[in-house]
Amino acid sequence: MKTKQDFPSINERPPEGLKEDGSCYKILVVDDSMFVAKQLGQILTSEGYEIVATAVDGKDGVDKYKELCPHVDLVTMDITMPKMDGITALEQIMAFDKNAKVVMVSALGKEELVKKSLMLGAKSYIVKPLDRKKVLERIAKVLN
């Protein structure tokens with residue numbers, strides 16, 4: 001029986017989620033949709049990123065960021081959530097850590113909110129429904 005070694009991959013490349021030293025980039029996922037949070041988690045962990053925590057709303061996200069800082073390399077932040085929206089949470093995270101890397105996650109048609117979040121310090125944005133290639137592209141670009 002043939003094994004994986006019998007078929008060297010022509011596309012062999014290191015996973016995007018690893019730093020130069022071989023450790024994983026650590027991601028905090030903030031989204032009120034369990035489905036989206038799980039989907040983001042699967043996309044990112046498949047490339048070697050580590051999901052250090054998930055939060056269900058902006059307030060929870062800010063609290064977890066403060067608790068985990070400096071062990072968070074990037075935050076994915078939904079814009080529309082209960083209790084505290086993503087823009088308010090972004091402002092609070094940026095006030096706490098001006099070097100925070102936050103990528104906004106937005107539904108189509110929220111361009112004004114995305115623009116506002118980019119002006120407040122978000123590094124990029126991802127549009128729902130999630131596209132694996134775009135998610136990985138944007139996250140890698142912000143981290144490198």
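Bear in mind the structure is a predicted one, so any value in this text is a computation, not a measurement.
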Treating Ile, Leu, Val, Met, Phe, Trp and Tyr as nodes and any side-chain heavy-atom pair under 4.5 angstrom as an edge, say whether M81 and L90 lie in one connected cluster. yes
Hey, any chance I51 and L136 share a hydrophobic cluster, counting ILVMFWY side chains that come within less than 4.5 Å of each other, even indirectly? yes
Taking only residues two or more places apart in sequence or in another chain, which ones pass side chain to side chain contact (heavy atoms under 4.5 Å, CB included) with T80? K110
Without swapping roles, check the side chain of [X] against the backbone of [Y] for a donor-acceptor pair under 3.5 Å.
X	Y	answer
N144	A140	yes
E16	E47	no
T88	M84	no

Side-chain ion pair, [X] and [Y], N-O less than 4.0 Å:
X	Y	result
K115	E112	yes
K116	E91	no
D78	K128	yes

What verdict does the side chain to side chain contact (heavy atoms under 4.5 Å, CB included) test give for I126 and V103, after you've listed the backbone C-alpha separation in whole Å, the side-chain angles of each residue and the deciding distance to 0.1 Å? CA-CA 7 Å; I126 298 165; V103 173; 3.7 Å; yes
Checking side-chain polar atoms at under 3.5 Å, does D73 have a donor or acceptor matched by the opposite partner on Y49? no
Is the NZ atom of K134 crowded by more than 12 outside heavy atoms at less than 6.0 Å? no
Going through the checks in order, is the side chain to side chain contact (heavy atoms under 4.5 Å, CB included) test met by Y125 and I79? CA-CA 10 Å; Y125 65 93; I79 290 183; over 6 Å; no
